[in-house]
Amino acid sequence: MSSLFTRLRPTLSHLSRHSRARILVAGYHEKVIDHYENPRNVGSFDKNDAQVGTGLVGAPACGDVMKLQIKVDDDGKIIDARFKTFGCGSAIASSSLATEWVKGKSVNEATQIKNTDIAKELSLPPVKLHCSMLAEDAIKAALKDYQLKRKSKMEEPVAAVAGE
């Protein structure tokens with residue numbers, strides 16, 4: 001929790017370290033803190049890759065922005081996922097968890113991941129439910145982008161071979 005302390009120290013500087021720790025524990029579930037301090041699958045893929053779907057979503061009310069990408073094999077299975085999120089600890093944790101959950105699923109199975117499941121897993125309080133909603137929206141947007149790429153690839157005209 002040291003990096004979280006470092007970021008919040010100026011805001012909570014009038015409190016003892018012990019009091020700050022109690023506030024942090026009371027404010028965030030341990031799973032949120034774990035995903036925030038040890039985020040899984042941070043990074044990006046080439047958005048032009050036909051096997052990559054990219055979802056970019058934001059919440060104007062709080063300023064959170066989430067990019068989630070999936071990489072799908074030829075059988076329609078999500079083989080990898082990455083995210084980059086600008087937002088609070090709950091938004092980062094929701095993104096991190098979402099990438100863990102989509103990996104290994106088929107494209108159809110990934111559509112079944114709901115914000116309520118993410119919120120429940122991370123024990124998000126009602127004021128942070130928008131973070132799990134963003135994660136679900138990002139998954140859906142990445143799946144839609146992948147499906148659009150796949151559809152346009154199938155519709156590409158086949159080049160005529162010279163001499164035929």
Side-chain angles (χ1 to χ4, degrees), residues 1-4 6-7 24 27-159:
M1 286 203 301
S2 63
S3 65
L4 195 55
T6 304
R7 290 185 177 146
L24 290 174
Y28 287 101
H29 189 273
E30 63 189 40
K31 289 181 182 180
V32 173
I33 293 172
D34 179 43
H35 277 276
Y36 174 78
E37 292 195 338
N38 306 294
R40 284 66 150 181
N41 308 306
V42 176
S44 292
F45 297 124
D46 176 3
K47 67 180 180 181
N48 297 317
D49 183 337
Q51 290 186 296
V52 172
T54 301
L56 183 62
V57 296
C62 66
D64 291 348
V65 178
M66 190 177 289
K67 179 176 85 170
L68 188 140
Q69 294 180 297
I70 55 170
K71 186 173 241 181
V72 184
D73 70 10
D74 293 334
D75 297 323
K77 182 178 176 182
I78 299 170
I79 56 173
D80 207 352
R82 295 281 182 262
F83 83 94
K84 285 188 176 181
T85 295
F86 177 80
C88 67
S90 295
I92 292 167
S94 294
S95 306
S96 176
L97 181 65
T99 60
E100 285 193 312
W101 280 6
V102 297
K103 289 197 312 188
K105 291 193 176 353
S106 71
V107 169
N108 289 335
E109 290 170 336
T111 64
Q112 302 305 308
I113 296 172
K114 301 295 178 207
N115 72 76
T116 50
D117 299 324
I118 294 168
K120 185 176 179 181
E121 177 68 18
L122 295 173
S123 300
L124 295 179
V127 73
K128 293 295 184 177
L129 291 180
H130 67 280
C131 298
S132 63
M133 290 178 200
L134 271 180
E136 180 184 344
D137 290 346
I139 293 168
K140 287 180 180 177
L143 291 167
K144 183 178 180 180
D145 181 58
Y146 167 73
Q147 290 166 338
L148 286 172
K149 284 181 181 178
R150 190 167 159 238
K151 183 180 176 185
S152 66
K153 185 178 179 183
M154 289 180 177
E155 292 174 354
E156 286 178 3
V158 178

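Values below: all heavy atoms of this structure, side chains included; hydrogens, waters and symmetry mates excluded.
Of the inter-residue distances, the one linking His35 atom NE2 with Thr99 atom OG1 reads 8.0 Å to the nearest 0.5 angstrom. To the nearest 0.5 Å, atoms CD (Gln51) and OH (Tyr146) are separated by 7.0 Å. To the nearest 0.5 angstrom, Ser90 atom OG is 9.0 Å from Asp64 atom CG. Interatomic distance, Glu136 CD to Gln112 CD, rounded to the nearest 0.5 Å: 10.0 Å. Atoms CD and CG, on Glu121 and Asp117 in that order, are 9.0 Å from each other to the nearest 0.5 Å. For the atom pair NZ (Lys67) and CZ (Arg82), the distance works out to 11.5 Å, reported to the nearest 0.5 Å.
Taking a 6.0 Å sphere around CZ of Arg40, one finds it holds more than 12 heavy atoms contributed by other residues, nucleotides or ligands. Counted within 6.0 Å of NZ on Lys114, heavy atoms from surrounding residues, nucleotides or ligands total more than 12; the atom is thus considered enclosed. Under a cut-off of 6.0 angstrom, the local environment of CG in Asp73 is crowded, with over 12 non-hydrogen atoms contributed by other residues, nucleotides or ligands. No more than 12 heavy atoms of other residues, nucleotides or ligands lie within 6.0 Å of NZ in Lys77, so this atom counts as exposed by the packing criterion.
In this structure, the side chains of Trp101 and Ile139 stay at 4.5 Å or more apart for every pair of heavy atoms. Using a 4.5 Å heavy-atom threshold, the side chains of Val65 and Leu56 count as touching. Using a 4.5 Å heavy-atom cutoff, the side chains of Cys131 and Leu122 are not in contact. When side chains are defined from C-beta on, Asp46 does not count as touching Val52, because their heavy atoms never get closer than 4.5 Å. Looking only at side-chain heavy atoms (C-beta outward), Ile113 and Ile118 come within less than 4.5 Å of each other. Put simply, the side chain of Ile70 does not reach to within 4.5 Å of the side chain of Lys103, judged on heavy atoms. In this structure, Val72 and Arg150 have side chains that are not in contact, with every pair of non-hydrogen atoms separated by 4.5 Å or more. Looking at heavy atoms from C-beta onward, Val42 lies out of side-chain contact with Ile92 at the 4.5 angstrom threshold.
Of all non-hydrogen atoms in Ser96 and Asn41, the two that sit nearest each other are O-ND2, 4.5 Å. Of all heavy-atom pairs spanning Gly55 and Ala141, the tightest one is CA-CB, 3.6 Å. Contact between Val57 and Ala138 at its shortest, heavy atoms only, is CG2-CB, 3.8 Å. Listed here is the closest heavy atom pair of Ser95 and Phe83: CB-CD1, 3.3 Å. Pairing each heavy atom of Ser44 with each of Lys84, the nearest pair is OG-CE, 3.3 Å.
Side chains of Ser123 and Lys31: no donor on one and acceptor on the other come within 3.5 Å.
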Verdict with supporting geometry, Ile78 and Leu143, side chain to side chain contact (heavy atoms under 4.5 Å, CB included): CA-CA 10 Å; Ile78 299 170; Leu143 291 167; 4.2 Å; yes

